[in-house]
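Atoms considered below: every heavy atom in the structure, side chains included; atoms not considered: hydrogens, waters and symmetry mates. Reminder, nothing fancy here: chain letters follow the sequence lines and each chain counts from 1.
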There are 2 protein chains.
Amino acid sequence: MERRATIKDVAEAAGVGVATVSRVLSGGSASPSTRERVLAVAAQLDYRPSALGRNLRQRRTGGMGLLVPDLTDTFYGQLAEGVLACARSAGEPVLLGSTGDDPEQEADLVGMLLEQSVDRLIAVPSGDAETWTPVIRAGMRVVFADRVPAAPFQEDPGVTAVNDLMRLDGLSPAPQTRPLDAPAVVADDRAGIRTAVRYLRGLGHKRIAFLGGPGQDSRVAAFRAAVGAPVDEDLVVFGTGSRDSAYAAASGLFQSRPDLSAVVAGGNVLGEAAVLAARELDLRVPRDVSLVMYDDVPWAELCSPPLTVIAQPGRDIGYRAAELVLRAETRKPRGVVLPTELIVRGSCGPRR
Amino acid sequence: MERRATIKDVAEAAGVGVATVSRVLSGGSASPSTRERVLAVAAQLDYRPSALGRNLRQRRTGGMGLLVPDLTDTFYGQLAEGVLACARSAGEPVLLGSTGDDPEQEADLVGMLLEQSVDRLIAVPSGDAETWTPVIRAGMRVVFADRVPAAPFQEDPGVTAVNDLMRLDGLSPAPQTRPLDAPAVVADDRAGIRTAVRYLRGLGHKRIAFLGGPGQDSRVAAFRAAVGAPVDEDLVVFGTGSRDSAYAAASGLFQSRPDLSAVVAGGNVLGEAAVLAARELDLRVPRDVSLVMYDDVPWAELCSPPLTVIAQPGRDIGYRAAELVLRAETRKPRGVVLPTELIVRGSCGPRR
DNA sequence: TTGAAAGCGCTAACAA
DNA sequence: TTGTTAGCGCTTTCAA
């Protein structure tokens, strides 16, 4: 890197002390004449304050970290765009990491951010509450997006945010121990899933399956609640996050339960897998099987028939999360739940 | 951020000087006994060297910047995943920016990186060679990915990399002035487009259109070369990068030239638009119009018929670019061109 | 092999 | 309103 002008250069050229330059540039008090002179010189020298110096002095790096499971998943692309939009308008840098939905990789990435002294983080978490507690305790200001860390124990979720959201989602409330001081920005999974299930019920469907992926605990819970006890457990299956695994899960589901007439896919990768598996098995959508997919992605409309989806505002989720993590907010920040919308297209039909 | 152990703490606890700690931790010389002691203490204190201090001292930030046009475009998601994979294995952070294919936003983002003293950058460029020359001159080590900056003047492309690649792509060679010292990692657009056009020709198509987007100069050029002079200029149309604009371009194309029988979409967003526009206009694919799309994305298979595509290795492009920018390489680094592959599925048929 | 010391560019006390 | 100064945590001469 070529030598760039430093604050000292500006100070000398303007005939003032470095502190004055610093003050002027950060909007502190200074006489109009000094201010003007300093500004002129700075512009003339094309001076740009070094974030390095400032950060070291303030013992913290500006900007924020962003951890998502997979950027080839369009939903996370949308979420990331939201975060970037907010960060840009705030002039803050964003450090990106992709976790592959693997708690270990996630931990590595968090370690890297710690090393960089990044103390603000937006995360779509893979690890459970137990793994996140220490990092929040260590002073990292984290906002969860899209989902919250799973509770490690049924009897001790140990997470305020998780707790509240689980309650929102109709899960059993649990005693609040060790509250996890992190807000979360999520979609209203409960309402979204409930609406979808009711819609399918209205079409006459009785055997409705749920095809889930990692971190979709609240959607699964919402599904169970929506179909009501007793839940046919064979109709609730999971992939591990990769497209292959999602396909395997979908294919296995269709083959083991040819009696099912509708499936709710918990995310767009799972929806994709369902479409592919159905085609492979010569199941027609929606004639043989109806499909509702979580996430509205551009290609949902390209399928034939176009997919009926539960839309969640990925971009807004990211934007709001970035706002939250940026706002040097007061204590006990609360999370936000954004609405979902059932968009009816052509992938659901009456039960045959 | 809670107080973390510093190098000084480690030095004191180990009864050595800070320089020794620094040496030990960076693999310098030290007696076995000292080394062991320092290491033990460091581990015990959970010491992690602060990137802040190191960076200031070395007047540069580690890691790299990554600038892409749009993360909701799956191709760039793939590319980003490649970059992240390489960065992770090198333990380097990645600063992400999304330019929206807007040279101004791009310039802002570059400015931000400069301020952060990030001196390595992987960019899918929006601005032309003229805007990039100064940043490279300023010492930023940039590697272009997916495409190279457009040449500002026909008679003075002013860019070695651009120049070479344009030549590869069959454009007129130009005198090499002001060489732009930046390597590029791109797909073999020329071969990809040529193969697609030949394939369509083989199917009997005569009136083949090209639907392009920003930064696709080399693909357009390849298309012109492949169809051969005289090129029917009305059959070469462009969107500006947004989905809406792509749709408008596709729709306009189909309506103004009902005689066309095949279209090559220069990217997946354009392909998406073509499918949508065709459906809206009641054009059947491939009966009424054949379609080949650049980019193999997961949803290409979900369309019916599944889309015939020119696959380019997005992830590899990102990975290789990251390797290049990381390797403190010798002078005059050359770019790399990765192969494309025509994947025939169902969106092309014989001309009616 | 080791330690002392000098900064990297900046901000924030503190003085003037 | 200003300038001087002391570091932030680290690496790197330079001596010992």
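- With salt bridges taken as basic N to acidic carboxylate O contacts below 4.0 Å, none links B:D146 and B:R320.
- Closest to the side chain of A:R57, from the set C:dT11, C:dT1, D:dT1, is C:dT11.
- Proximity of residues 13-24 of chain B to DNA chain D (heavy atom under 4.0 angstrom from any strand atom) is restricted to B:A19, B:S22.
- Each end of the helix from C:dT1-D:dA16 to C:dA16-D:dT1 gets its own axis from five base pairs, and the two axes differ in direction by 40°, given to 10 degrees.
- The CD-C1' distance, from B:E12 to C:dA4, rounds to 14 Å in whole Å.
- Proximity of B:L67 to B:V110: side-chain heavy atoms (C-beta onward) are separated by under 4.5 Å at one or more points.
- Proximity of B:S50 to the phosphate of D:dC10: no side-chain N or O atom is located under 4.0 Å from OP1 or OP2.
- For B:R59, counting side-chain heavy atoms from C-beta on, the closest listed nucleotide (C:dT2, C:dC8, D:dG9) is C:dC8.
- Residue B:R54 places at least one side-chain N or O closer than 4.0 Å to OP1 or OP2 of D:dT11.
- Atom CZ in A:R48 sits roughly 16 Å away from atom C1' in C:dC10 (whole-Å rounding).
- Using a 4.5 Å cut-off on side-chain heavy atoms (C-beta onward), B:E81 and A:D70 make contact.
- Nearest to the side-chain atoms of B:S31 among the listed nucleotides D:dG9, C:dT11, C:dT2 stands C:dT2.
- Open room surrounds CD on A:E104; 12 or fewer heavy atoms of other groups in view lie less than 6.0 Å from it.
- Judged by distance alone, the side chain of B:D9 and the main-chain N or O of B:T6 form a donor-acceptor pair under 3.5 Å.
- Legend: residues meeting salt bridge (charged side-chain N to carboxylate O under 4.0 Å, His left out) with B:E115, ordered by chain and number and at least two apart, are A:R48.
- Under the 4.5 Å side-chain criterion, counting only non-hydrogen atoms from C-beta, B:M64 is not in contact with B:R141.
- Residue A:S26 is out of contact with every strand shown, counting any heavy-atom pair closer than 4.0 Å.
- Of all the heavy atoms in B:A5 and B:Y47, the pair that sits closest is O-CD1, 3.3 Å.
- Distance, A:N55 CG to D:dC10 C1': 14 Å, rounded to whole Å.
- For A:Q58 and D:dG9, the CD to P distance is 13 Å, given to the nearest whole Å.
- As a whole-Å value, the separation of A:K8 NZ from D:dT5 P is 13 Å.
- Under 4.0 Å is where a charged nitrogen must lie from a carboxylate oxygen, and between B:D102 and A:R88 no such pair does.
- DNA chain C is contacted by both B:G53 and B:T34; B:T34 maps to the nucleotide lying nearer its 5′ end (nearest heavy atom per residue).
- Nucleic acid contact class of B:L52 (heavy atoms, under 4.0 Å, all strands): none.
- In this entry the distance linking CG of B:L56 with P of C:dG9 reads 7 Å, nearest Å.
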